[in-house]
Engineer: 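Could you have a look at this structure, given as structure tokens, before my questions?
Order of listing sets the numbers, starting from 1, for every ligand and every atom in it. Numbering starts at 1 and runs along the sequence shown.
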Amino acid sequence: MADADTTPLMRQYREIKRGYPQAILFFRVGDFYEMFDDDAREASALLAIALTSRDKSSADPIPLCGVPHHAAQGYIAKLLRAGRTVALCEQVEDPKLAKGIVRREVVRLYTPGTLIDTEFLAPGETNYLAAVRFARPVSPKESLVIGLSGLDVTTGEFWVMEFEGEGARQQVHDELARSEPRELLYSEQDEDVSSVTAGLPGPRLCARPSGFFDAEEAEALLQGHFGVHTLDGFGCRGLTAGLGAAGAVWRYIRETQPTASLGHIRRIQRRWDRETMHLDGATIRNLELVRPLGCGEAGQAVDSTVLSVLDRTSTAMGSRLLRDWLVHPLLDRKAIEARLDAVAELKDRVRQRVAIRAALRTVQDIARLSSRMTLGVAGPRECLALKLSLAALPEVHGQLASFSSPLLAGLKEGWDDCSDVHDAIERCIDPGAPMSAREGNVIREGYDAHVDELRKARTEGKGWIAALESKERERTGIESLKVRYNQVFGYYIEITKANLSKVPADYMRKQTLVNAERFMTMELKDLEEKVLGAESKLLAREDELFVRLRERVAEEVPRLQAVAQALATLDVLTSLAEIASLNRYVRPTIDETGLLRIREGRHPVVERLSPDLTFVPNDTLLDTDGNRLLILTGPNMAGKSTYLRQVALIALMAQVGSFVPATEAHIGLVDRIFTRVGASDNLAAGRSTFMVEMVESAQILHCATSKSLILLDEIGRGTSTYDGLSIAWAIAEFIHDRERLGARTLFATHYHEMTQLQSLRDGIRNYRVDVQERGDDVVFLRKIVPGGADRSYGIHVAKLAGLPTSVIERAQEVLMSLEQPDQAIDASPTLPERDRPGPSLPQPHPLIDEVRQIDLFSITPLDALNRLAELQKRAGRA
Ligand code: ADP
């Protein structure tokens with residue numbers, strides 16, 4: 001061990017560091033946070049700061065780096081972005097009073113899922129900490145139960161869910177895809193956490209011992225916090241895995257913020273998967289609801305998601321709620337109609353809508369502000385921000401007066417201006433107050449007699465000092481005599497060298513400079529005590545009053561949370577109305593018929609990205625009868641995927657309660673939307689593209705119901721032509737047949753052979769994307785028309801993509817020789833007989849039908865033998 005290891009400071013450091021092996025420890029030493037050993041090496045590299053060592057003369061110096069305490073937040077943010085966590089260790093006693101080494105403690109652990117610091121958070125995104133708990137079956141009669149819990153400590157939202165049975169893992173995976181937690185806790189014993197996180201863009205995973213997830217302890221902890229005898233009232237009766245997960249979340253929050261009050265977390269909500277449409281991770285990704293596909297690549301347009309097109313919210317609370325609505329479409333017709341009624345009303349009343357939006361723009365994040373009041377971290381400016389936000393409430397309420405749709409009327413009735421909270425802040429806080437209460441000038445004049453008195457003493461004191469200065473000038477006859485102040489010496493009298501001979505005997509020398517000397521007198525010392533005493537008493541008093549106000553506001557957090565919820569809802573509804581009006585959306589008709597009829601539908605995102613409104617609208621007719629499964633053929637780049645997604649998005653938006661991009665839409669409610677679109681970029685998870693495609697297809701076939709909407713794009717592309725076509729064919733049959741699935745489906749394929757299904761199955765219809773050939777060129781018309789395509793135009797697309805002309809010409813030659821083998825040209829490949837393009841398909845053979853039709857109970861043995869001989873003969877010929 002190095003020498004330095006034995007100094008008390010380093011002993012203390014190592015002791016504390018042992019409790020936080022995973023985190024980078026910011027160890028407060030004076031005005032700096034210092035890092036040592038491996039932490040120093042890692043942090044200096046990540047933060048691009050100098051790495052030095054603590055005791056350079058030692059044979060084995062300790063690596064060291066440091067950051068100034070006032071700039072720590074920026075460095076912490078950087079380390080968090082790099083996926084690290086940071087433990088903040090403070091000096092917890094006054095160094096002047098400490099006997100021996102100053103006591104130090106970790107006061108805060110910064111991890112991505114437990115942040116409360118506004119500067120680290122994205123305003124429009126929730127910041128969940130989640131935990132997952134697997135309860136494995138102990139007997140064959142039981143099945144796997146998985147508990148999942150999430151907490152956004154910035155808003156106090158806390159929920160718990162349980163999933164059971166075979167599909168539980170997938171459901172947890174999908175829930176994680178929807179809620180996108182920043183951090184996920186799992187038990188060390190649950191080695192298979194990857195089975196629910198594979199392919200997710202990534203919560204930070206954090207393992208904890210299994211005792212951390214104990215359900216009984218969790219129940220006791222939560223009952224204690226909520227002050228209840230049972231959690232049944234929250235709908236948590238009988239939950240074990242769920243409560244285990246919730247308990248882990250709770251302990252972790254406590255571990256990271258041991259001193260924070262968590263009073264704003266007032267309930268735990270039992271969430272059910274049944275009330276909203278279960279969207280899986282792949283579908284959320286494929287439809288680009290909240291993140292663009294290939295997210296993270298340079299040059300990716302940010303506003304290419306459905307959320308970015310729909311989000312015209314004015315507040316961060318609204319933005320978060322809209323995101324939540326979008327990934328949780330509703331299933332209940334009445335609930336959807338209620339939202340649509342509100343959107344319709346807001347769309348029609350332009351004047352009120354404009355006024356509501358204008359008022360909402362002055363509203364800040366009341367949800368997060370009020371949490372920060374309870375957590376005891378909000379400063380004076382945040383109180384002012386809350387006040388200004390509350391000031392908008394009467395105006396918003398007034399604008400709602402004439403609305404009558406149930407949702408808006410409900411908001412109006414439950415309205416609470418929180419004017420008492422507004423007034424309390426208004427009376428107490430000076431409008432020009434600084435960020436931190438410690439800087440002073442926080443309390444408004446006239447609020448507190450004591451503060452006013454101290455301020456007067458401070459101001460008068462300054463007058464007394466000015467008076468003393470002129471008195472001393474007169475007494476000494478030194479014109480240039482000055483009374484000055486600095487942090488180190490306090491007040492002093494400064495005399496230039498030239499005048500030193502005139503200094504009276506009662507002056508006491510304090511400091512000698514090059515050109516001047518500084519002195520003290522007893523009188524000045526008295527005055528100083530009065531003035532500086534007033535100053536520090538004032539600061540303490542202001543801080544005390546401020547904290548009292550903050551606690552008073554924190555008591556009203558339940559009301560503030562209700563206000564935040566109401567404003568978020570109004571904001572989202574108004575935003576949906578605004579976008580419906582801006583983008584010419586229509587109100588969809590909703591029912592339970594299973595009919596999906598869209599006139600002139602558009603893709604909400606692609607239409608925004610197409611220049612000059614060149615987007616070509618298309619109709620859609622799907623039902624549970626003769627138009628169950630639409631087979632869509634057409635060349636690459638013709639617009640097949642866009643069309644598929646557009647139909648799904650229109651259905652989804654309708655069930656979110658939004659108007660839709662079409663001139664008319666009838667949406668028979670959909671229970672789930674499944675997509676198998678394009679090559680998934682799941683290769684990192686170690687599966688081939690084809691395997692991923694088949695796994696996703698299998699999930700669809702297992703989970704879909706006759707009420708689902710399924711999109712399949714280029715199924716079977718990842719394998720050889722014949723394999724691919726056979727699989728695509730069999731999947732189409734399975735989905736189509738009512739006794740098996742019978743779900744409404746759009747099936748885009750480049751296998752033209754699939755179009756033959758239309759004549760073999762009654763619910764299948766062929767469509768193609770129209771193209772026009774002009775000489776050698778192809779023009780994409782983007783129009784969906786009945787019928788199948790007969791060519792793939794791949795070479796035309798290659799030409800558009802800029803392949804060299806010589807390659808294009810040669811490809812045309814090769815294609816011709818493949819299509820017409822008799823005219824094969826030299827040195828071209830030939831396909832084996834079975835791989836030739838053409839309709840050589842699994843047609844049901846007529847002989848089989850005949851065999852089926854033989855009635856075995858009415859036929860004599862002799863007849864049977866004769867029929868068999870005949871069939872055999874014909875089969876021989878066939
Ligand atoms: P496919 O799936 O047939 O290969 P895509 O759906 O990817 O084709 O569409 C190719 C491009 O054509 C898209 O990038 C889009 O910009 C454009 N596009 C698709 N549909 C339309 C449409 N209805 N109107 C205008 N442009 C469209």
Engineer: Protein heavy atom under 4.0 angstrom of atom 14 (O) of ligand 1, is there one?
Structural biologist: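 When distances to the protein are checked, atom 14 (O) of ligand 1 has no heavy atom within 4.0 Å.
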Engineer: Check whether any side-chain heavy atom of L287 sits under 4.5 Å from a side-chain heavy atom of L649, and report yes or no.
Structural biologist: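 Result yes, sub-4.5 Å side-chain heavy-atom pair found.
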Engineer: Counting heavy atoms only, which of K783, K640, H750 comes nearest to atom 3 (O) of ligand 1?
Structural biologist: K640
Engineer: Under 3.5 Å, N or O to N or O, is T614 touching ligand 1 that way?
Structural biologist: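 Looking only at distances, the answer is no, because the N/O contact criterion of under 3.5 Å is not met.
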Engineer: Within the structure, does N618 bring an N/O atom to less than 3.5 angstrom of an N/O atom in ligand 1?
Structural biologist: no
Engineer: Which ligand 1 atoms, with their elements, are less than 4.0 angstrom from a heavy-atom of A638?
Structural biologist: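 Answer for ligand 1: 1 (P), 3 (O), 8 (O).
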Engineer: Could you find the nearest protein heavy atom to atom 26 (N) of ligand 1 and give me its residue, atom name and distance?
Structural biologist: R782 NE, 3.4 Å
Engineer: Can you report which non-hydrogen protein atom sits closest to atom 2 (O) of ligand 1, along with the distance?
Structural biologist: S641 OG, 2.6 Å
Engineer: Can you check which of D713, N636, T642, V769 brings a heavy atom nearest to atom 19 (C) of ligand 1?
Structural biologist: T642
Engineer: Can you name the atoms of ligand 1, numbered from 1 with element, that are less than 4.0 Å from a heavy atom of P635?
Structural biologist: 3 (O)
Engineer: Here's one to test your reading of the geometry: is the NZ or CZ of R339 within 45 degrees of the ring axis of W325 and under 6.0 Å from its centre?
Structural biologist: yes
Engineer: Looking at D625 and R738, is there a salt bridge between them, counting it only when a charged N and a carboxylate O are closer than 4.0 Å?
Structural biologist: yes
Engineer: Looking only at heavy atoms, what is the nearest atom pair of I764 and L757, with distance?
Structural biologist: CD1-CB, 3.9 Å
Engineer: Inspect the contact between R645 and D713 and indicate whether a charged nitrogen and a carboxylate oxygen are less than 4.0 angstrom apart.
Structural biologist: no
Engineer: Is K334 salt-bridged to E337, cutoff N-O under 4.0 Å?
Structural biologist: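 Looking at E337 together with K334, the answer is no, because their closest N to O distance does not fall below 4.0 Å.
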Engineer: Considering only heavy atoms of F615, which atoms of ligand 1 have at least one such atom less than 4.0 Å away?
Structural biologist: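 Within the 4.0 Å cut-off of F615, ligand 1 contributes 21 (C), 22 (C), 23 (N), 24 (N), 25 (C).
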Engineer: Among all residues two or more places apart in sequence or in another chain, which pass the side-chain hydrogen bond (donor to acceptor under 3.5 Å, both in side chains) test with E607?
Structural biologist: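 By the side-chain hydrogen bond (donor to acceptor under 3.5 Å, both in side chains) rule, E607 matches R602.
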Engineer: Report the residue from L570, L576, V572 that forms a side-chain contact (heavy atoms from CB on, under 4.5 Å) with T574.
Structural biologist: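 Among the candidates, only L570 passes.
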Engineer: Tell me, which protein residue and heavy-atom name are nearest atom 10 (C) of ligand 1, and how many Å apart are they?
Structural biologist: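 Ranked first by proximity to atom 10 (C) of ligand 1 is M637 O, 3.6 Å.
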Engineer: Are the charged groups of R312 and E578 less than 4.0 angstrom apart, N to O?
Structural biologist: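 No, no charged N to carboxylate O under 4.0 Å.
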Engineer: Would you mind checking which non-hydrogen protein atom is closest to atom 16 (O) of ligand 1, with the distance to 0.1 Å?
Structural biologist: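 Of every protein heavy atom, V606 CG1, 4.0 Å lies nearest to atom 16 (O) of ligand 1.
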Engineer: Got the closest protein heavy atom to atom 23 (N) of ligand 1, with its distance?
Structural biologist: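 Residue, atom and distance for the closest contact: V616 O, 2.9 Å.
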Engineer: Of all the atoms in ligand 1, which lie at a distance below 4.0 Å from a heavy atom belonging to G639?
Structural biologist: 1 (P), 3 (O), 5 (P), 6 (O), 8 (O), 9 (O), 19 (C), 20 (N)
